[in-house]
Amino acid sequence: MKIASWNVNSVKVRLPHLVAFLEDAKPDVLCLQETKCLADEFPRLELAALGYRVETLGQRAYNGVALLSREPARDIVCGLPGFADEQARYLEASFGAAAGEVRVASAYIPNGNPVGPDNSTGDLSDKFTYKLAWMERLVGHARELLRREIPFVLAGDYNVCPTDEDVYDPPAWRDDALCRIETRSRFRALIHLGLTDAYRAFHPEPHRYTFWDYQAGRWNRDEGLRIDHLLLSPQAADRVAACEIDKGPRGKERASDHTPIWCELAV
DNA sequence: ATGTCGCGTGAAACGCGA
C-alpha cells in the first residue's frame, strides 16, 4: 500500500498537478493539506475519473484536509479527537481489509508564527500556544491509537523541522515557530511514543526538504525545510519498504510550495 | 532584495496567512 502526503496550497489551483501526480505516482492513499475549499466545492469529478474517492474536511479560504483513495475509507474521524477546533486540520480513516488494514491520518499542524511575545506581558502569542496545544493533543491521540495495535500512519504538514539538519539555514530559523525547542520537543514526544519518522528510516543524509518558500529563489537554490512527515506506528514501521520525497511537482510552473512525500507498506 | 503565492472582498488593490 502506497501512502502519500502533499500540502497542495489550494486544491483548485493545483488540480492539474494533482491529476499528474496521481497518474504518475499511483498512490493507494493520498493525504492532502491546505486544500482551501469547502467540501461541496472539491473537484471530485476529475478525481473520480482517475478512480479516486474523496473524503474531506473543508473550510473556506484557509486550511482544509482530504484523503484520496482507490478503495473506500472506513471509520472516518473528522477533526482531532478531543480537541475543539474551528480550523479544518485533521482527517483520519481506515483503508485495506483484514490483515492489510491501515489507519491513515491527514494532519495540518498549525504554523504557529509569530511566536511572540506579542504584547507587553511577554507571553507567547496565541498562534504559538495554539500550535503547542494542538501538538500535545496529537501526542495524546497517537497514544490512544497505539493501544489498538494496528498499523497507522500520521501523515501531513507538521510545520516542524525536527532538527537543524532539516533546515537550510539553522541560525536564521532558530526562533521560528517551525524550529523552536518547544515545537521540537512535542515532535520528539511523538517519536518517543515509538513512532518512526519514515523518511529518516531510509535517508540519514541531511538537507533533504519537502518545502521551499516562494520567495527569494529558495527552490532554485535548494534552500528548503523538511516539514512534511510520515510517522509510522510500530506495526506500520515493521512493514515499510520505501519512503521518498518526490521533488517533481515542486519544479513545475505554478507549483505548490510543498512537494509530495510517500511511503510503501508491505501489506 | 522588504524578493511570492492564494484567497476574499468587491471591482483595484489590500489584508491575511503562510
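Both backbone and side-chain heavy atoms feed into the values below; hydrogens, waters and symmetry mates do not. Numbers restart at 1 for each chain; the letters A, B, ... are given by sequence-line order, proteins then strands. In this text the structure is predicted, and so the values were computed from the model without any measurement.
- Judged purely by atom type and a 3.5 angstrom limit, A:T210 has no side-chain atom pairing as donor or acceptor with the backbone of A:R226.
- Between A:F83 and A:H141, the gap from one ring centroid to the other reaches at least 6.0 Å.
- Residue A:R218 is out of contact with every strand shown, counting any heavy-atom pair closer than 4.0 Å.
- Following rounding to the nearest Å, A:R14 (CZ) and B:dA18 (C1') show an atom-to-atom distance of 13 Å.
- Note: A:Y158 and A:H229 have perpendicular aromatic rings, judged against thresholds of 30 and 60 degrees for the angle between ring planes.
- Put simply, OG1 on A:T35 and CD on A:E41 are 10.5 Å apart, with the number rounded to the nearest 0.5 Å.
- Along DNA chain B, the nucleotide closest to A:R221 and the one closest to A:G112 are compared, and the more 5′ of them pairs with A:R221.
- No side-chain N or O of A:D28 forms a donor-acceptor pair with one of A:Y52 less than 3.5 Å apart.
- B:dT2 sits 22 Å from B:dC7 when the C1' atoms are compared, rounded to a whole Å.
- Residue A:R89 contributes atom CZ, which lies 6 Å from atom P of B:dA18 at whole-angstrom precision.
- A:Y214 places its OH atom 20 Å from the P atom of B:dT2, with the value rounded to the nearest Å.
- Atom-to-atom, CG of A:D126 to P of B:dG17 comes out at 12 Å; the value is rounded to the nearest Å.
- Residue A:N220 contributes atom CG, which lies 17 Å from atom P of B:dG3 at whole-angstrom precision.
- The aromatic rings of A:H203 and A:Y199 sit parallel, their planes meeting at an angle under 30°, below the 60° perpendicular limit.
- Between B:dG10 and B:dC16, the distance separating the two P atoms is 15 Å to the nearest Å.
- Residue A:D213 contributes atom CG, which lies 10 Å from atom C1' of B:dG3 at whole-angstrom precision.
- In this structure, CD of A:Q59 is placed 14 Å from C1' of B:dG6, rounded to the nearest angstrom.
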Just the atom pairs and distances: protein N or O near nucleotides 7-9 of chain B's N or O, under 3.5 Å.
residue, atom, partner, partner atom, Å
B:dC7, OP1, A:S10, OG, 2.4
B:dG8, O3', A:R60, NH2, 3.1
B:dT9, OP1, A:R60, NH2, 2.9
B:dT9, OP2, A:R60, NH2, 2.8

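- For the pair A:N111 CG and B:dC16 P, the computed distance is 16 Å after rounding to whole Å.
- Nucleotides B:dG15 and B:dA11 place their P atoms 16 Å apart, quoted to the nearest Å.
- Distance noted for atom C1' between B:dA18 and B:dA12: 23 Å (whole Å).
- A residue-by-residue look at A:A216 and A:F211 shows that A:A216 has its nearest nucleotide of DNA chain B further toward the 5' end.
- Distances shorter than 4.0 Å separate none of the side-chain N or O atoms of A:Q215 from OP1 or OP2 on B:dT4.
- The OH atom of A:Y108 sits 11.0 Å away from atom CH2 of A:W134, with the distance rounded to the nearest 0.5 Å.
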